[in-house]
Number of protein chains: 2
Amino acid sequence: MDEQLRRRYGLKADMFKALAHPMRIYMLDKLRERHWCVCELAAELGIDKSVASKHLSQLKAAGLIDDEKRGTLVEYRLLAPCILDMAACAESTVLANQRRKYGLSPS
Amino acid sequence: MDEQLRRRYGLKADMFKALAHPMRIYMLDKLRERHWCVCELAAELGIDKSVASKHLSQLKAAGLIDDEKRGTLVEYRLLAPCILDMAACAESTVLANQRRKYGLSPS
DNA sequence: CCTCTTGTTTCAAATTATGGAAACAATGCA
DNA sequence: TGCATTGTTTCCATAATTTGAAACAAGAGG
(Lines give C-alpha, C1' and ligand atoms only; values in the text may rest on other atoms or scores of the structure.)
Protein backbone atom coordinates (compact mmCIF):
# COMPACT_ATOMS: atom_id res chain seq x y z
CA MET A 1 0.00 0.00 0.00
CA ASP A 2 1.96 2.97 -1.28
CA GLU A 3 1.66 6.60 -0.26
CA GLN A 4 -0.82 7.58 -2.96
CA LEU A 5 -3.16 4.70 -2.13
CA ARG A 6 -2.87 5.47 1.56
CA ARG A 7 -3.86 9.08 0.93
CA ARG A 8 -6.74 8.09 -1.31
CA TYR A 9 -8.22 5.67 1.18
CA GLY A 10 -7.47 8.11 3.95
CA LEU A 11 -9.71 10.66 2.26
CA LYS A 12 -12.57 8.21 2.02
CA ALA A 13 -12.06 7.17 5.62
CA ASP A 14 -12.14 10.79 6.75
CA MET A 15 -15.52 11.21 5.12
CA PHE A 16 -16.91 8.15 6.88
CA LYS A 17 -15.31 9.26 10.14
CA ALA A 18 -17.28 12.49 9.93
CA LEU A 19 -20.46 10.40 9.69
CA ALA A 20 -19.50 7.96 12.44
CA HIS A 21 -21.47 9.61 15.23
CA PRO A 22 -25.22 9.49 15.95
CA MET A 23 -25.43 13.20 16.71
CA ARG A 24 -23.76 14.17 13.46
CA ILE A 25 -26.08 12.01 11.38
CA TYR A 26 -29.04 13.44 13.22
CA MET A 27 -27.75 16.92 12.48
CA LEU A 28 -27.51 16.15 8.78
CA ASP A 29 -31.06 14.83 8.85
CA LYS A 30 -32.26 18.06 10.41
CA LEU A 31 -30.31 20.15 7.91
CA ARG A 32 -32.07 18.35 5.10
CA GLU A 33 -35.29 20.11 6.07
CA ARG A 34 -34.01 23.67 6.46
CA HIS A 35 -31.25 25.87 7.81
CA TRP A 36 -30.48 25.52 11.49
CA CYS A 37 -28.29 27.60 13.75
CA VAL A 38 -26.04 26.09 16.41
CA CYS A 39 -28.22 26.91 19.38
CA GLU A 40 -31.31 25.42 17.73
CA LEU A 41 -29.51 22.17 16.98
CA ALA A 42 -27.98 22.05 20.46
CA ALA A 43 -31.44 22.44 22.01
CA GLU A 44 -32.98 19.89 19.63
CA LEU A 45 -30.29 17.32 20.44
CA GLY A 46 -30.06 18.17 24.13
CA ILE A 47 -26.34 18.82 24.11
CA ASP A 48 -24.08 21.70 25.02
CA LYS A 49 -23.63 24.40 22.39
CA SER A 50 -19.87 23.87 22.41
CA VAL A 51 -20.36 20.20 21.63
CA ALA A 52 -22.81 21.02 18.85
CA SER A 53 -20.39 23.56 17.45
CA LYS A 54 -17.59 21.00 17.37
CA HIS A 55 -19.73 18.38 15.65
CA LEU A 56 -20.79 20.92 13.04
CA SER A 57 -17.18 21.92 12.56
CA GLN A 58 -16.30 18.31 11.78
CA LEU A 59 -19.11 18.03 9.26
CA LYS A 60 -17.96 21.27 7.66
CA ALA A 61 -14.34 20.12 7.50
CA ALA A 62 -15.55 17.02 5.67
CA GLY A 63 -17.32 19.27 3.18
CA LEU A 64 -20.77 17.96 4.03
CA ILE A 65 -22.22 21.25 5.23
CA ASP A 66 -21.48 24.95 4.97
CA ASP A 67 -22.22 27.92 7.20
CA GLU A 68 -23.22 31.55 6.86
CA LYS A 69 -23.20 34.25 9.49
CA ARG A 70 -26.47 36.09 10.09
CA GLY A 71 -26.01 38.65 12.83
CA THR A 72 -24.99 36.87 15.99
CA LEU A 73 -26.03 33.47 14.83
CA VAL A 74 -24.53 31.08 12.31
CA GLU A 75 -26.77 29.18 9.95
CA TYR A 76 -25.66 25.79 8.73
CA ARG A 77 -26.93 24.20 5.54
CA LEU A 78 -26.54 20.82 3.87
CA LEU A 79 -24.09 20.67 0.97
CA ALA A 80 -24.02 17.05 -0.21
CA PRO A 81 -27.48 15.47 -0.30
CA CYS A 82 -26.07 12.18 -1.58
CA ILE A 83 -24.68 11.71 1.91
CA LEU A 84 -28.16 11.13 3.26
CA ASP A 85 -28.80 8.55 0.56
CA MET A 86 -25.69 6.87 1.89
CA ALA A 87 -27.15 6.98 5.38
CA ALA A 88 -30.36 5.42 4.10
CA CYS A 89 -28.35 2.70 2.35
CA ALA A 90 -26.45 2.13 5.58
CA GLU A 91 -29.65 1.76 7.56
CA SER A 92 -31.25 -0.64 5.11
CA THR A 93 -28.11 -2.72 5.06
CA VAL A 94 -28.02 -2.86 8.83
CA LEU A 95 -31.69 -3.86 9.01
CA ALA A 96 -31.23 -6.50 6.32
CA ASN A 97 -28.34 -7.96 8.28
CA GLN A 98 -30.34 -8.00 11.47
CA ARG A 99 -33.10 -9.92 9.75
CA ARG A 100 -30.58 -12.29 8.21
CA LYS A 101 -28.77 -12.92 11.48
CA TYR A 102 -31.56 -12.86 14.03
CA GLY A 103 -34.73 -13.21 11.99
CA LEU A 104 -36.07 -9.92 13.32
CA SER A 105 -38.83 -8.10 11.54
CA PRO A 106 -38.12 -4.50 10.58
CA SER A 107 -39.04 -2.21 13.50
CA MET B 1 -33.81 12.90 21.05
CA ASP B 2 -35.65 9.95 22.54
CA GLU B 3 -34.44 6.40 23.00
CA GLN B 4 -35.79 5.06 19.71
CA LEU B 5 -34.18 7.87 17.69
CA ARG B 6 -30.93 7.40 19.56
CA ARG B 7 -30.91 3.70 18.69
CA ARG B 8 -31.78 4.35 15.07
CA TYR B 9 -29.02 6.88 14.55
CA GLY B 10 -26.69 4.69 16.58
CA LEU B 11 -27.18 1.91 14.05
CA LYS B 12 -26.33 4.17 11.14
CA ALA B 13 -23.32 5.52 13.00
CA ASP B 14 -22.08 1.98 13.67
CA MET B 15 -22.14 1.26 9.96
CA PHE B 16 -20.13 4.36 9.17
CA LYS B 17 -17.75 3.59 12.04
CA ALA B 18 -16.98 0.27 10.41
CA LEU B 19 -15.99 2.18 7.26
CA ALA B 20 -14.03 4.87 9.06
CA HIS B 21 -10.57 3.37 8.52
CA PRO B 22 -8.38 3.37 5.41
CA MET B 23 -7.39 -0.28 5.82
CA ARG B 24 -10.98 -1.43 6.09
CA ILE B 25 -12.04 0.45 2.96
CA TYR B 26 -9.06 -0.97 1.13
CA MET B 27 -10.06 -4.44 2.26
CA LEU B 28 -13.58 -3.96 0.91
CA ASP B 29 -12.13 -2.81 -2.38
CA LYS B 30 -10.03 -5.95 -2.57
CA LEU B 31 -12.96 -8.15 -1.68
CA ARG B 32 -14.92 -6.68 -4.55
CA GLU B 33 -12.60 -8.51 -6.95
CA ARG B 34 -12.57 -11.95 -5.36
CA HIS B 35 -12.34 -13.90 -2.12
CA TRP B 36 -9.34 -13.22 0.08
CA CYS B 37 -8.06 -15.00 3.16
CA VAL B 38 -6.68 -13.14 6.17
CA CYS B 39 -3.02 -13.81 5.47
CA GLU B 40 -3.34 -12.62 1.87
CA LEU B 41 -4.95 -9.36 2.93
CA ALA B 42 -2.44 -8.87 5.73
CA ALA B 43 0.43 -9.27 3.24
CA GLU B 44 -1.24 -7.02 0.68
CA LEU B 45 -1.78 -4.26 3.23
CA GLY B 46 1.54 -4.76 5.00
CA ILE B 47 0.02 -5.24 8.45
CA ASP B 48 0.10 -7.92 11.11
CA LYS B 49 -2.33 -10.80 10.66
CA SER B 50 -3.89 -10.10 14.04
CA VAL B 51 -4.62 -6.55 12.98
CA ALA B 52 -6.09 -7.72 9.68
CA SER B 53 -8.21 -10.27 11.51
CA LYS B 54 -9.60 -7.61 13.81
CA HIS B 55 -10.42 -5.24 10.98
CA LEU B 56 -12.19 -8.03 9.15
CA SER B 57 -14.07 -8.92 12.30
CA GLN B 58 -15.37 -5.35 12.51
CA LEU B 59 -16.51 -5.41 8.90
CA LYS B 60 -18.24 -8.71 9.53
CA ALA B 61 -19.94 -7.41 12.66
CA ALA B 62 -21.29 -4.54 10.58
CA GLY B 63 -22.69 -7.08 8.11
CA LEU B 64 -20.57 -5.85 5.23
CA ILE B 65 -18.69 -9.10 4.66
CA ASP B 66 -19.02 -12.77 5.52
CA ASP B 67 -16.51 -15.57 6.02
CA GLU B 68 -16.22 -19.26 5.26
CA LYS B 69 -13.67 -21.73 6.60
CA ARG B 70 -11.67 -23.70 4.04
CA GLY B 71 -9.27 -25.99 5.83
CA THR B 72 -6.90 -23.89 7.89
CA LEU B 73 -7.73 -20.67 6.16
CA VAL B 74 -10.75 -18.40 6.29
CA GLU B 75 -12.08 -16.81 3.14
CA TYR B 76 -13.83 -13.48 3.36
CA ARG B 77 -16.28 -12.23 0.76
CA LEU B 78 -18.17 -8.99 0.16
CA LEU B 79 -21.82 -8.97 1.19
CA ALA B 80 -23.16 -5.46 0.52
CA PRO B 81 -21.91 -4.05 -2.80
CA CYS B 82 -23.84 -0.81 -2.26
CA ILE B 83 -21.25 0.00 0.36
CA LEU B 84 -18.64 0.53 -2.32
CA ASP B 85 -20.97 2.84 -4.19
CA MET B 86 -21.12 4.76 -0.95
CA ALA B 87 -17.35 4.88 -0.84
CA ALA B 88 -17.26 6.17 -4.41
CA CYS B 89 -19.83 8.82 -3.52
CA ALA B 90 -17.72 9.76 -0.54
CA GLU B 91 -14.62 10.13 -2.68
CA SER B 92 -16.31 12.22 -5.33
CA THR B 93 -17.76 14.45 -2.65
CA VAL B 94 -14.37 14.90 -1.04
CA LEU B 95 -12.76 15.72 -4.39
CA ALA B 96 -15.52 18.14 -5.31
CA ASN B 97 -15.04 19.92 -2.01
CA GLN B 98 -11.29 20.11 -2.52
CA ARG B 99 -11.82 21.73 -5.88
CA ARG B 100 -14.37 24.11 -4.44
CA LYS B 101 -12.18 25.10 -1.51
CA TYR B 102 -8.71 25.10 -3.00
CA GLY B 103 -9.31 25.18 -6.74
CA LEU B 104 -7.43 21.95 -7.27
CA SER B 105 -7.88 19.97 -10.42
CA PRO B 106 -9.00 16.36 -10.03
CA SER B 107 -5.92 14.18 -9.50
C1' DC C 1 1.73 -37.74 17.99
C1' DC C 2 4.31 -33.90 16.25
C1' DT C 3 4.75 -29.85 13.59
C1' DC C 4 3.54 -26.35 10.54
C1' DT C 5 0.21 -23.03 8.86
C1' DT C 6 -3.64 -20.08 9.54
C1' DG C 7 -6.69 -17.20 12.48
C1' DT C 8 -8.44 -15.50 16.66
C1' DT C 9 -8.06 -13.66 21.20
C1' DT C 10 -5.79 -11.38 25.00
C1' DC C 11 -2.88 -7.93 26.86
C1' DA C 12 -0.60 -3.47 27.38
C1' DA C 13 0.68 0.85 25.37
C1' DA C 14 -0.17 4.59 22.45
C1' DT C 15 -3.22 7.37 20.00
C1' DT C 16 -7.50 9.48 19.10
C1' DA C 17 -12.28 10.99 20.03
C1' DT C 18 -15.66 12.91 23.03
C1' DG C 19 -17.99 15.88 26.47
C1' DG C 20 -18.41 19.69 29.61
C1' DA C 21 -16.86 23.88 31.70
C1' DA C 22 -14.74 28.07 31.14
C1' DA C 23 -12.65 31.71 28.56
C1' DC C 24 -12.98 34.31 24.60
C1' DA C 25 -14.76 36.79 20.29
C1' DA C 26 -18.39 39.02 17.67
C1' DT C 27 -22.69 40.98 16.94
C1' DG C 28 -27.08 43.37 18.19
C1' DC C 29 -29.42 46.47 21.04
C1' DA C 30 -30.63 49.68 24.72
C1' DT D 1 -20.62 52.27 26.45
C1' DG D 2 -22.70 48.45 28.78
C1' DC D 3 -24.97 44.17 28.42
C1' DA D 4 -27.08 40.08 26.57
C1' DT D 5 -26.93 36.56 22.96
C1' DT D 6 -24.57 33.41 19.96
C1' DG D 7 -20.48 30.59 18.58
C1' DT D 8 -15.88 29.18 18.79
C1' DT D 9 -11.84 27.76 21.09
C1' DT D 10 -9.15 25.95 24.89
C1' DC D 11 -8.42 22.97 28.64
C1' DC D 12 -8.92 18.76 30.98
C1' DA D 13 -10.90 14.22 32.19
C1' DT D 14 -12.77 10.25 30.37
C1' DA D 15 -13.81 6.79 26.93
C1' DA D 16 -12.96 4.41 22.67
C1' DT D 17 -9.83 2.82 18.99
C1' DT D 18 -5.73 0.97 17.15
C1' DT D 19 -1.53 -1.60 17.10
C1' DG D 20 1.84 -5.32 17.81
C1' DA D 21 3.40 -9.10 20.51
C1' DA D 22 2.32 -13.18 22.61
C1' DA D 23 -0.72 -16.85 23.81
C1' DC D 24 -4.07 -19.81 22.15
C1' DA D 25 -7.15 -22.79 18.98
C1' DA D 26 -8.06 -25.57 14.83
C1' DG D 27 -6.78 -28.19 10.80
C1' DA D 28 -3.61 -30.36 7.48
C1' DG D 29 -0.13 -33.49 6.71
C1' DG D 30 3.99 -36.15 7.69
Side-chain angles (χ1 to χ4, degrees), chain A residues 1 6-7 9-28 30-31 34-78, chain B residues 1 5-7 9-28 30-31 34-62 64-78:
Chain A
M1 198 169 179
R6 186 181 305 276
R7 198 167 56 244
Y9 285 104
L11 280 180
K12 291 189 185 181
D14 286 341
M15 163 76 70
F16 288 123
K17 220 174 288 185
L19 293 164
H21 195 289
M23 292 293 185
R24 292 197 287 272
I25 304 179
Y26 191 44
M27 283 174 158
L28 290 178
K30 285 298 169 188
L31 291 174
R34 61 170 172 88
H35 299 172
W36 288 70
C37 67
V38 180
C39 64
E40 282 177 322
L41 281 171
E44 178 78 16
L45 275 66
I47 59 181
D48 193 87
K49 60 178 181 174
S50 71
V51 176
S53 175
K54 278 180 279 193
H55 281 310
L56 288 166
S57 146
Q58 286 179 265
L59 291 172
K60 185 185 171 188
L64 304 178
I65 63 177
D66 205 355
D67 62 348
E68 191 172 356
K69 294 209 66 171
R70 291 211 186 284
T72 61
L73 46 80
V74 177
E75 279 185 356
Y76 280 89
R77 63 193 177 90
L78 187 60
Chain B
M1 198 171 179
L5 264 187
R6 186 181 305 276
R7 198 168 55 245
Y9 285 104
L11 280 180
K12 292 188 185 182
D14 287 342
M15 162 75 70
F16 288 123
K17 221 175 286 185
L19 294 164
H21 196 288
M23 293 292 184
R24 291 199 286 273
I25 304 179
Y26 192 44
M27 284 173 158
L28 291 177
K30 285 298 170 188
L31 291 173
R34 61 170 173 86
H35 298 173
W36 290 69
C37 67
V38 179
C39 63
E40 282 177 321
L41 281 172
E44 178 79 15
L45 275 65
I47 59 180
D48 194 86
K49 60 177 180 175
S50 71
V51 175
S53 174
K54 277 178 279 195
H55 280 311
L56 288 166
S57 143
Q58 286 178 265
L59 290 171
K60 185 184 172 189
L64 303 178
I65 63 177
D66 206 355
D67 61 347
E68 191 173 353
K69 293 209 66 169
R70 292 212 186 284
T72 61
L73 46 79
V74 178
E75 280 185 357
Y76 279 90
R77 63 194 176 87
L78 187 61

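Just so it is clear, the model here is predicted, and its values are computed rather than measured. Within every chain, numbering begins at 1; the chains are lettered A, B, ... in the order of the sequence lines, protein sequences first and strands thereafter.
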From CG (A:L45) to CG (B:L5), nearest 0.5 Å: 9.5 Å
Least distance between heavy atoms, B:K49 atom then B:A42 atom: CA-CB, 3.9 Å
Distance test, side-chain N/O of B:Y76 to OP1/OP2 of C:dT6, below 4.0 Å: no
Mutual orientation of the aromatic rings belonging to A:H55 and A:H21 [parallel < 30°, tilted 30-60°, perpendicular > 60°]: tilted
Reported NZ-to-CG distance for the pair B:K60 and B:D67, which is rounded to 0.5 angstrom: 3.5 Å
Got a list of protein N/O to nucleotides 25-30 of chain D N/O distances below 3.5 Å?
none

Nearest-nucleotide comparison on DNA chain C, the residue closer to the 5′ end among A:Q58 and B:L73: B:L73
For atom CE of B:M23 and atom P of C:dT15, their distance in whole Å: 17 Å
Value in whole Å for how far the P atom of D:dT6 lies from CH2 of A:W36: 15 Å
Distance in angstrom units between A:E68 CD and D:dT8 P, rounded: 14 Å
Pair A:E75 + A:R77, salt bridge at N-O below 4.0 Å: no
N or O in side chain of B:H21 less than 4.0 angstrom from C:dA17 OP1/OP2: no
Which atom of B:Q58 lies closest to which atom of B:A18, heavy atoms considered: O-CB, 4.3 Å
Whole-Å gap separating C1' (D:dT17) and CZ (A:F16): 18 Å
Separation of atom CE in B:M27 from atom P in D:dT18, rounded to whole Å: 12 Å
4.5 Å side-chain heavy-atom contact, B:W36 and B:Y76: no
Point-to-point distance, once rounded to the nearest 0.5 Å, from CG of B:L73 to SG of B:C37: 5.0 Å
Between C:dT9 (C1') and B:D67 (CG): distance, integer Å: 15 Å
Contact residues, residues 41-57 of chain A to DNA chain C [heavy atom, < 4.0 Å]: A:S50, A:V51, A:K54, A:H55
Nearest to side-chain heavy atoms of A:C39, which nucleotide of C:dT18, D:dT8, D:dT6: D:dT6
Atom pair CD (B:E40) and CZ (B:R34), whose distance is rounded to the nearest 0.5 Å: 4.5 Å
